[in-house]
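First the structure, which I've put down as structure tokens, then a few questions once you've had a look.
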Number of protein chains: 2
Amino acid sequence: MRLTTRGRYAVTAMLDLALNIEKSPVALSEIADRQGISQSYLEQLFSKLRKRGLVDGTRGPGGGYKLGRSAKLISVGDVISAVNEPVDATQCGGQKNCRGEHPCLTHDLWQELSLQIQTFLSSVTLQQLTDKESKNSGAKAPLTSLTPIHMQVNSAIKTSIF
Amino acid sequence: MRLTTRGRYAVTAMLDLALNIEKSPVALSEIADRQGISQSYLEQLFSKLRKRGLVDGTRGPGGGYKLGRSAKLISVGDVISAVNEPVDATQCGGQKNCRGEHPCLTHDLWQELSLQIQTFLSSVTLQQLTDKESKNSGAKAPLTSLTPIHMQVNSAIKTSIF
DNA sequence: TTATAACCAAGTATTTTAGTCAAGAATAGA
DNA sequence: TCTATTCTTGACTAAAATACTTGGTTATAA
């Protein structure tokens with residue numbers, strides 16, 4: 001699981017799509033304009049998103065992109081992993097040249113952590129993010145207002161997993 | 001919050017340090033050897049880790065690095081953010097050129113998500129990872145055996161936050 | 001038929017990553 | 001004191017990923 005500005009672009013664009021669901025399909029030029037991302041770069045990202053079935057494109061005038069399935073069923077993890085090449089993680093493939101004591105062990109630990117991050121990102125959907133927005137749009141409360149709850153639950157994870 | 005192989009190197013090296021706590025300080029050459037990372041590259045990473053107080057270095061023969069504080073008090077988030085440059089995230093700094101409808105909104109949503117990831121990574125300590133190892137070292141159970149529990153808790157987050 | 005917009009492929013500039021090289025400073029042990 | 005060891009620092013380079021450009025082609029609504 002890699003996490004760079006590339007993934008941010010993809011998630012941002014998908015959120016833009018989810019927020020403009022009523023006027024779908026949405027043209028890439030609009031997204032590029034709104035989010036300040038190069039259109040051709042977006043095209044490349046959307047090519048990968050399309051191959052994963054995360055978006056559907058319709059050509060011609062009035063065409064554009066819409067979500068491939070309900071925002072409820074698209075996770076942030078889906079989007080991020082769609083635009084990133086898979087990474088191999090360990091340099092020793094299986095468990096070949098591990099003569100030392102803790103070499104491959106640390107790799108396993110990293111892999112475990114990586115899996116946890118992946119699981120976490122797969123548990124957050126686009127719908128949840130946009131819902132949170134509409135909840136706060138009336139009130140002036142910051143988006144981060146729910147964070148304390150999150151931290152509570154997170155510490156629950158902490159004690160129950162380890 | 002960025003997550004690349006650079007962060008993996010740093011976390012891996014810190015785990016190596018935590019696992020070899022009994023023979024500390026540990027020389028960089030050993031870590032480089034065990035983990036298959038260039039020593040000079042590790043030197044650069046450890047320079048940043050040292051500036052954050054995550055490691056202490058002692059020179060001379062028999063010298064090396066040891067954890068700057070208890071493994072209980074060092075989170076994966078600490079390590080990863082130490083070796084990465086902070087990223088600005090939005091292209092419109094404050095909220096200047098946001099004339100469209102949902103432009104900065106998506107940025108806020110991303111920032112919120114980013115915060116959640118950060119919080120998650122800050123809730124996992126080196127100690128927890130190494131503890132998990134020693135628990136499983138006797139039995140042949142894979143490290144991922146606890147994942148289902150994690151997923152359960154994660155879905156608990158899902159329903160309670162959103 | 002024409003304008004629109006998805007699709008596609010190749011190439012380029014920039015940035016980041018990963019690594020090398022070379023030197024210096026502290027220190028344990030001979 | 002001398003020496004080997006190891007951290008510490010800086011500059012420089014190669015490779016990879018990222019972000020973007022250019023120039024097309026296809027499909028389709030009007």
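In the text below, chain A, chain B and the rest are named by the order of the sequence lines, each starting its count at 1.
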**Message:** For a 4.5 angstrom cut-off between non-hydrogen side-chain atoms, does A:R2 reach A:T4?
**Reply:**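 In short, these two side chains touch, coming nearer than 4.5 Å.
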**Item:** Nucleotide C:dT16, atom P - distance to CZ of A:R8 in whole Å
**Value:**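 That distance rounds to 12 Å.
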**Request:** Grab the CZ-C1' distance between B:R6 and D:dA16 for me, whole Å please.
**Result:**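 Answer to the nearest Å: 14 Å.
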**Asked** After noting the C-alpha distance and the side-chain angles of A:S81 and A:N84, does the key distance pass the side chain to side chain donor-acceptor pair (under 3.5 Å) rule?
**Response** CA-CA 5 Å; A:S81 66; A:N84 285 324; over 6 Å; no
**Request:** Tell me whether the OP1 or OP2 atom of D:dT9 has a side-chain N or O from B:R50 closer than 4.0 Å.
**Result:**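 Checking B:R50 against D:dT9: at least one side-chain N or O falls below 4.0 Å of OP1 or OP2.
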**Item:** Salt bridge present between A:K48 and A:E43 (N-O < 4.0 angstrom)
**Value:**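 Between A:E43 and A:K48 there is no salt bridge, as every charged N stays at least 4.0 Å from the carboxylate O atoms.
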**Prompt:** To the nearest angstrom, how far is A:K48 atom NZ from D:dA17 atom P?
**Reply:**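 The answer, rounded to whole Å, is 10 Å.
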**Separation of atom CD1 in A:I31 from atom C1' in C:dA6, rounded to whole Å** =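 Spelled out: CD1 on A:I31 to C1' on C:dA6 is 12 Å.
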**Item:** Candidate nucleotides D:dC20, D:dC7, C:dG19, ranked by approach to the side chain of A:Y9 - the nearest
**Value:**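 For A:Y9, the side-chain atoms sit closest to D:dC20.
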**Message:** Please determine whether a side-chain nitrogen of the Lys or Arg among B:R50 and B:D56 lies less than 4.0 Å from a carboxylate oxygen of the Asp or Glu.
**Reply:**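 Looking at B:R50 and B:D56, the cut-off is not met.
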**Prompt:** Rounded to the Å, how far apart are A:Y41 OH and C:dG11 C1'?
**Reply:**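 About 16 Å, once rounded to whole Å.
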**Request:** Report the nucleotide, chosen from C:dC7, C:dT16, D:dT21, that has the shortest atom-to-atom distance to any side-chain atom of A:S38.
**Result:**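 Per side-chain heavy atoms of A:S38, the pick is D:dT21.
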**Asked** Rounded to the Å, how far apart are A:F46 CZ and C:dA5 P?
**Response**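 After rounding, the gap between these two atoms is 15 Å.
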**Request:** Flag the pair B:V76 / B:L129 as yes when at least one side-chain heavy-atom distance between them is below 4.5 Å, and no otherwise.
**Result:**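 Counting from C-beta outward, B:V76 and B:L129 do come under 4.5 Å.
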**Request:** Have a look at B:T4 and say if it touches a base, only the backbone sugar-phosphate, or nothing, with a 4.0 Å heavy-atom cut-off.
**Result:**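 The residue B:T4 makes sugar-phosphate contact but no base contact.
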**Prompt:** With nearest nucleotides of DNA chain D determined for B:L28 and A:R2 from heavy-atom distances, which residue corresponds to the more 5′ nucleotide?
**Reply:**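 Per heavy-atom nearest nucleotide, the more 5' residue is B:L28.
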**Request:** May I ask you to say what B:Q44 touches in the nucleic acid, namely base, sugar-phosphate or nothing, with a heavy-atom cut-off under 4.0 Å?
**Result:**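 Answer is base: heavy atoms of B:Q44 come under 4.0 Å of a base.
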**Request:** Assign B:Y65 to base, sugar-phosphate, or nothing according to its heavy-atom contacts below 4.0 angstrom with the strands shown.
**Result:**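 Answer is sugar-phosphate: B:Y65 comes under 4.0 Å of backbone atoms only.
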**Request:** Classify the side chain of A:Q39 and the base of D:dT21 as holding, or not holding, a donor-acceptor pair under 3.5 Å.
**Result:**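 Result: no qualifying N/O pair found.
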**Asked** Between B:T106 and A:Q35, is a side chain to side chain donor-acceptor pair (under 3.5 Å) present by the stated rule, with each step listed?
**Response** CA-CA 8 Å; B:T106 52; A:Q35 306 302 336; 2.8 Å; yes
**Prompt:** B:F46 pairs by ring pair (Phe, Tyr, Trp, His ring centres under 6.0 Å) with which of B:Y41, B:Y9, B:Y65?
**Reply:**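 Testing each of B:Y41, B:Y9, B:Y65 against B:F46, the sole residue satisfying ring pair (Phe, Tyr, Trp, His ring centres under 6.0 Å) is B:Y65.
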**Prompt:** To the nearest Å, how far apart are B:L3 CG and C:dT16 P?
**Reply:**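 After rounding, the reported distance stands at 17 Å.
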**Prompt:** In whole angstroms, how far is the P atom of D:dT9 from the CG atom of B:L45?
**Reply:**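 Value for this atom pair: 14 Å.
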**Prompt:** Nucleotide by nucleotide, 5' to 3', does protein get under 4.0 Å of the base (B), only the sugar-phosphate (S), or neither (-) in nucleotides 22-30 of chain C, counting heavy atoms?
**Reply:** ---BBBB--
